[in-house]
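Scroll down for the structure; my scribbles are underneath it.
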Amino acid sequence: MPVEIELAQSLSHALELLSSGDPEVRPLAGATDLMLRLEAGRLKAHRLVSIADLRELSWVRPEGDAIRFGAGTVVADLMRHPEFAAEYPSAVAAARQFASPQIRNRATVGGNVGNASPAADLVPPLIALGARLKLSSAKGERELPIEEAFLGFGKTTVRPEELITEVALPRRRACFQAFAKFGSRGANVIAVVNLAMCLEVDGERIASARVAYGSVAPKPLRARAVERFLAGQRLTEELAREVKEAVLSDISPIDDVRGSRRYKQRLAVNATEDALLRALRGAQA
Ligand SMILES: Cc1cc2nc3c(=O)[nH]c(=O)nc-3n(C[C@H](O)[C@H](O)[C@H](O)COP(=O)(O)OP(=O)(O)OC[C@H]3O[C@@H](n4cnc5c(N)ncnc54)[C@H](O)[C@@H]3O)c2cc1C
């Protein structure tokens with residue numbers, strides 16, 4: 001069946017075009033994921049509402065104790081924004097390892113969240129940094145922590161009549177941040193495992209920990225057991241070695257074309273240990 005494409009002229013026009021709530025009417029942003037899924041028959045749609053050129057969705061704005069950005073901001077613009085880059089090195093590291101320059105110039109943050117891939121690279125740092133999403137529809141707005149946007153592989157809690165319009169990140173300059181991505185090659189690759197961490201270290205102790213993984217569960221994962229294990233502890237080499245059990249209790253990777261369950265478990269454990277050791281060296285410097 002042919003697919004119609006409507007070019008939204010404004011955000012309110014886009015919301016009106018989506019307002020029927022028909023799940024086969026889909027927003028189209030950079031099209032770097034949606035068109036592939038459509039071609040492969042893995043997504044059903046009879047109408048696409050293009051939001052690609054909406055300026056109202058493409059901006060980055062530092063505001064008091066947060067930095068906000070429009071969900072239509074492309075990955076390349078986000079990583080180039082000086083205040084964003086200074087505040088969130090983990091997200092910038094993820095953006096640098098994201099696909100290729102061509103894709104980074106088209107792919108949006110909203111699309112990275114909206115396709116709900118467990119391997120999405122921007123999502124773990126956004127979870128670890130405490131991102132909140134604004135969802136808008138013709139009827140109103142709501143907000144939710146980003147980790148609550150994911151139900152399972154390719155499934156989100158974003159309703160068909162809603163658009164992700166905005167992402168808000170609390171300031172995190174005081175936080176030790178890490179991002180790691182493992183793939184079969186250096187660029188243009190889907191993560192076998194990725195990890196993001198945001199640790200607040202007060203003297204020798206970890207005051208708070210936020211940790212997230214990709215590709216180790218049906219959806220991007222906030223690692224609550226790891227966070228509980230780390231919070232309040234002294235940051236030491238022993239702690240880094242002992243984190244393994246908590247990591248393994250959080251994650252549930254499967255054997256697939258990108259690697260075995262055991263291999264992914266080892267990557268996740270080693271990446272977590274390595275990030276903690278780097279945090280320790282940073283705290284001692
Ligand atoms: C060659 C190649 C390499 C890639 N490499 C990577 C990589 O390294 N890391 C990675 O994470 N991804 C990668 N991807 C996947 C893809 O580029 C990203 O997921 C990208 O962020 C999708 O954004 P988009 O704007 O193109 O979304 P689209 O393809 O337009 O949309 C994706 C999904 O999100 C929905 N959507 C889009 N915007 C919104 C919104 N504002 N509100 C609600 N729903 C929305 C759409 O309806 C659709 O279901 C790659 C893709 C290709 C083709």
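Indexing begins at 1, ligand by ligand and atom by atom, following the structure's order.
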>> Between Asp250 and Arg224 (salt bridge meaning N to carboxylate O under 4.0 Å), is one present in this structure?
In response: no

Suppose we measure from [atom] to each protein heavy atom; which comes out shortest, and what is that distance?
| atom | value |
| --- | --- |
| atom 49 (O) of ligand 1 | Arg26 NH2, 2.9 Å |
| atom 48 (C) of ligand 1 | Leu34 CD1, 3.5 Å |
| atom 52 (C) of ligand 1 | Ile103 CD1, 3.9 Å |
| atom 28 (P) of ligand 1 | Ala31 N, 3.6 Å |
| atom 17 (O) of ligand 1 | Thr32 OG1, 2.7 Å |
| atom 21 (O) of ligand 1 | Thr108 O, 3.1 Å |
| atom 4 (C) of ligand 1 | Ala99 CB, 3.6 Å |
| atom 7 (C) of ligand 1 | Asp121 OD2, 3.4 Å |

Is the backbone of [Y] close enough, under 3.5 Å, to the side chain of [X] for a donor and an acceptor to pair up by distance?
| X | Y | answer |
| --- | --- | --- |
| Arg261 | Ile254 | no |
| Gln177 | Arg172 | yes |
| Glu141 | Ser136 | no |
| Lys219 | Phe150 | yes |
| Arg171 | Gly64 | yes |
| Arg205 | Ala207 | no |

> Side chain, backbone, both or neither: which part of Arg104 has a heavy atom under 4.0 Å from ligand 1?
Replying inline: neither

>> Does only the side chain of Leu36 get under 4.0 Å from ligand 1, or the backbone, or both, or neither? Count heavy atoms.
In response: side chain

For ligand 1, which atoms sit closer than 4.0 Å to a heavy atom of [X]?
| X | value |
| --- | --- |
| Val189 | 8 (O) |
| Lys181 | 8 (O) |
| Asp33 | 26 (O), 29 (O) |
| Asn188 | 1 (C), 2 (C), 3 (C) |
| Ala120 | 11 (O) |
| Ala29 | 25 (O), 30 (O), 37 (C), 38 (N) |
| Pro27 | 44 (N), 45 (C), 46 (C), 47 (O) |

>> Is a donor from one side chain sitting under 3.5 angstrom from an acceptor on the other, for Ser19 and Glu161?
In response: no

> Is there a protein heavy atom less than 4.0 Å away from atom 14 (N) of ligand 1?
Replying inline: no

> Among the heavy atoms of Leu122, does any lie under 4.0 Å from an atom of ligand 1?
Replying inline: no

> According to a 4.5 Å side-chain heavy-atom criterion applied to Ile, Leu, Val, Met, Phe, Trp and Tyr, with indirect links allowed, do Phe182 and Val269 form part of one hydrophobic cluster?
Replying inline: yes

> Side-chain heavy atoms under 4.5 angstrom apart, residues restricted to Ile, Leu, Val, Met, Phe, Trp, Tyr: same cluster for Ile127 and Val158?
Replying inline: yes

Can you find an N/O atom of [X] closer than 3.5 Å to an N/O atom of ligand 1?
| X | result |
| --- | --- |
| Phe98 | no |
| Gly30 | yes |
| Asn112 | yes |
| Ile51 | no |

>> Just checking Asp53: does its CG atom have more than 12 heavy atoms from other residues, nucleotides or ligands closer to it than 6.0 angstrom?
In response: no

> Of all residues at least two apart in sequence or in a different chain, which pass the ring pair (Phe, Tyr, Trp, His ring centres under 6.0 Å) check with Phe84?
Replying inline: Phe69, Tyr88

> What's in the same ILVMFWY side-chain cluster as Leu11, cut-off under 4.5 Å, chained through other members?
Replying inline: Leu15, Leu17, Leu18, Val25, Val49, Ile51, Leu54, Leu57, Leu163

>> Between Leu34 and Leu43, is there a side-chain heavy-atom distance shorter than 4.5 Å?
In response: yes

